[in-house]
Visitor: 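Pasting in a structure now, in structure tokens, and then I'll have a few things to ask.
Atoms considered below: every heavy atom in the structure, side chains included; atoms not considered: hydrogens, waters and symmetry mates.
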Amino acid sequence: MEAYRKWVRDNRDYLHSFESLANGLTWLLPERFSDSEIGPEAVSAAVGIITAVNEHIIETAPTQMHVNATMPSSFPYSLCIAALKNLETLIEVAAQQYYGDDKRWNFIAVTEAMKVLFRLALFKNSGYKILLEGGETTNNERHLETSTSQHKANAFTKHGGHHASGFSGYLNGHNPWNLEGRALSALSRFGENAQMISPPAWSHRVQHQHAILNPPATIPERPTLSTILSEQGHRGALFITGEVLFITRPLIYVLLIRKYGSRSWTPWFLSLAVDLLGTSFLSYATSASASRKDQRLRLSDSEKDELRRRKMLWAFYLMRDPFFERYTRRKLEGAEKVLEPVPFVGFLTAKIVELIVGAQTRYTYMSAS
């Protein structure tokens, strides 16, 4: 196992390219959105889990842990969350085929409940930091304990190679190969897989040299819920509430669908309300109007990107029933009919619409959780 870890860490760039290609090819597997898609989904889930395991191996490399260490090693919550996200579509497909369309929501609810438990545990274990990529990317930044000069040095390194820029950066963040990343790529970029921008070699050298010259003297004590509420007051309470709403929103949504049905407007509106309310709480708690003593609520660059990414995910409400069935689908089919006579363009448009409609039938593709 140690030999495999070393091989993964030594060939990380090659693996990123290969995994990107493999995840893209899973969308082309036969019967992807048919009534018999357990086989293709099993292949897709296996590729996703292997990718998540490799990412975990890279993130837990000794040099990475030395540079980014802010807490002792703990249970691999991020890996468990990533594995669940890659398995949930397979679980949904199998449940629908063997137990029927109605009962599949029971299995989806159990899966979402497990993800909520892992995310809440990770949220607590991280010292109540914002979850990046739904918890799939570890938030180990120490931007509040460092000095201004150290913050600038870290920002220079991060901006030099760690973040994708613009719209694709907000959508993909640090781990674009997961289920959410594949659906976003297929729906918003017509099947083109997002490309991960790996940090250049000089970026790692700068981080490593900086860690050697300025090693962390002590591991800071993780804030507890009581200390956050006592020190930050109502802003701390709103911050915790906003993040908990983000974590529990997918479970609330699927429970409402289970009760009212996917064609009802009640789950759609209440889910959107939870999203808007949670984001409003987080925005207020971390706003520039916070007093000078509320330094813990200031966000790092990656956390600011995460909040922007979450707002981008609101586009999924256009793909959720009943809005999709009543409005979005009609627009797509209208565009398909208009472009149908055009050679090649008509064929390409028909395939794109087929892909979008097929993905929309799966809750897990549209959950953005």
Side-chain angles (χ1 to χ4, degrees), residues 75 77-89 91-92 104-139 173 178-180 183 223-225 228-229 234-262 264-286 297 299 303 306-317 319-321 362-369:
F75 186 81
Y77 295 105
S78 297
L79 179 59
C80 293
I81 293 169
L84 276 175
K85 288 196 68 175
N86 283 286
L87 283 172
E88 60 185 352
T89 306
I91 293 173
E92 179 183 359
R104 70 171 172 146
W105 295 107
N106 297 332
F107 292 87
I108 296 174
V110 171
T111 305
E112 289 295 343
M114 292 176 63
K115 286 160 61 179
V116 166
L117 292 177
F118 279 124
R119 284 169 174 162
L120 289 175
L122 177 60
F123 185 45
K124 179 179 181 295
N125 189 66
S126 66
Y128 298 96
K129 294 181 180 179
I130 286 179
L131 299 186
L132 304 180
E133 292 287 326
E136 293 182 69
T137 300
T138 306
N139 187 354
N178 55 33
L179 184 60
E180 177 185 308
T224 63
L225 181 61
I228 291 175
L229 295 178
H234 71 284
R235 289 187 182 274
L238 289 176
F239 177 84
I240 298 295
T241 303
E243 192 65 9
V244 170
L245 285 175
F246 168 76
I247 292 171
T248 57
R249 198 278 311 164
L251 178 59
I252 295 172
Y253 180 52
V254 72
L255 290 177
L256 290 171
I257 292 178
R258 184 170 172 266
K259 181 177 181 179
Y260 295 101
S262 60
S264 171
W265 282 101
T266 301
W268 192 91
F269 276 115
L270 290 180
S271 178
L272 178 60
V274 172
D275 258 336
L276 294 175
L277 191 62
T279 301
S280 299
F281 285 169
L282 288 173
S283 298
Y284 177 77
T286 59
L297 296 180
L299 302 180
E303 289 170 335
E306 170 64 18
L307 293 184
R308 285 190 285 263
R309 185 191 73 90
R310 294 180 186 181
K311 293 178 181 178
M312 291 289 185
L313 293 178
W314 292 351
F316 271 105
Y317 282 97
M319 303 300 300
R320 292 175 181 150
D321 283 332
R362 294 287 170 225
Y363 160 80
T364 46
Y365 286 112
M366 295 300 106
S367 64
S369 58

Visitor: Rounded to the nearest 0.5 Å, what's the gap from OG1 on T241 to CG on L282? Could you check?
Guide: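 The OG1 atom of T241 sits 9.0 Å away from the CG atom of L282.
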Visitor: Taking all atoms of both residues into account, what is the closest heavy-atom pair of E306 and E133, and its distance?
Guide: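 Smallest heavy-atom distance, with atoms named: OE1-N, 3.0 Å.
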Visitor: Can you check whether L299 reaches I130 side chain to side chain, under 4.5 Å on heavy atoms?
Guide: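 Result yes, sub-4.5 Å side-chain heavy-atom pair found.
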Visitor: Any donor and acceptor pair, going by atom type alone, linking the side chain of S126 with main-chain N or O of L122 inside 3.5 Å?
Guide: yes
Visitor: Answer yes or no: is there a side-chain heavy-atom contact under 4.5 Å between W314 and L276?
Guide: yes
Visitor: Report yes if the side chains of V254 and R258 come closer than 4.5 Å at any heavy-atom pair, otherwise no.
Guide: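 No, side chains not in contact.
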Visitor: Applying ring pair (Phe, Tyr, Trp, His ring centres under 6.0 Å), name anything that partners W268, two or more places apart in sequence or on another chain.
Guide: W265, Y317, F323
Visitor: Just verifying a value: how many Å separate I108 CD1 and L251 CG, rounded to the nearest 0.5 Å?
Guide: 12.0 Å
Visitor: Is a side-chain N or O of E136 found less than 3.5 angstrom from the main chain of L79, in a donor-acceptor match?
Guide: no
Visitor: So, D321 side chain and S262 main chain: donor-acceptor pair closer than 3.5 Å or not?
Guide: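 Not confirmed, D321 side chain does not pair with S262 backbone.
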Visitor: Going by salt bridge (charged side-chain N to carboxylate O under 4.0 Å, His left out), E243 matches just one of R310, R119, K124, K129. Which one?
Guide: R310
Visitor: Please report the interatomic distance CG(L270) to CG(L256), rounded to the nearest 0.5 Å.
Guide: 5.5 Å
Visitor: Mind checking what makes side chain to side chain contact (heavy atoms under 4.5 Å, CB included) contact with L117, not counting sequence neighbours?
Guide: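 L117 satisfies side chain to side chain contact (heavy atoms under 4.5 Å, CB included) with no residue once adjacent residues are dropped.
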Visitor: Test your reading of the model: is there a side-chain donor-acceptor pair from S271 to the backbone of Y253, 3.5 Å cut-off?
Guide: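 Judged by distance alone, no pair lies under 3.5 Å.
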Visitor: Would you call the rings of Y284 and H234 parallel, tilted or perpendicular, where under 30° means parallel and over 60° means perpendicular?
Guide: tilted
Visitor: So, E112 and K115, do they make that salt bridge, N to O below 4.0 Å?
Guide: yes
Visitor: Holding to ring pair (Phe, Tyr, Trp, His ring centres under 6.0 Å), I want the full list of residues that pass it with F281, two or more places apart in sequence or in another chain.
Guide: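 Ring pair (Phe, Tyr, Trp, His ring centres under 6.0 Å) list for F281, sorted by chain: empty.
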Visitor: Which heavy atom of T138 sits nearest a heavy atom of S78, and at what distance?
Guide: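 Closest pair (atom of T138, atom of S78, distance): OG1-OG, 3.6 Å.
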Visitor: Distance from L277 atom CG to L272 atom CG, nearest 0.5 Å?
Guide: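 Between atom CG of L277 and atom CG of L272 there are 11.0 Å.
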Visitor: How long is the span from the CD1 atom in I240 to the CG atom in L229, to the nearest 0.5 Å?
Guide: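 Reported to 0.5 Å precision, the distance equals 6.5 Å.
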Visitor: Are side-chain heavy atoms of T279 and L307 found at a separation under 4.5 Å?
Guide: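 Answer no - side chains too far apart.
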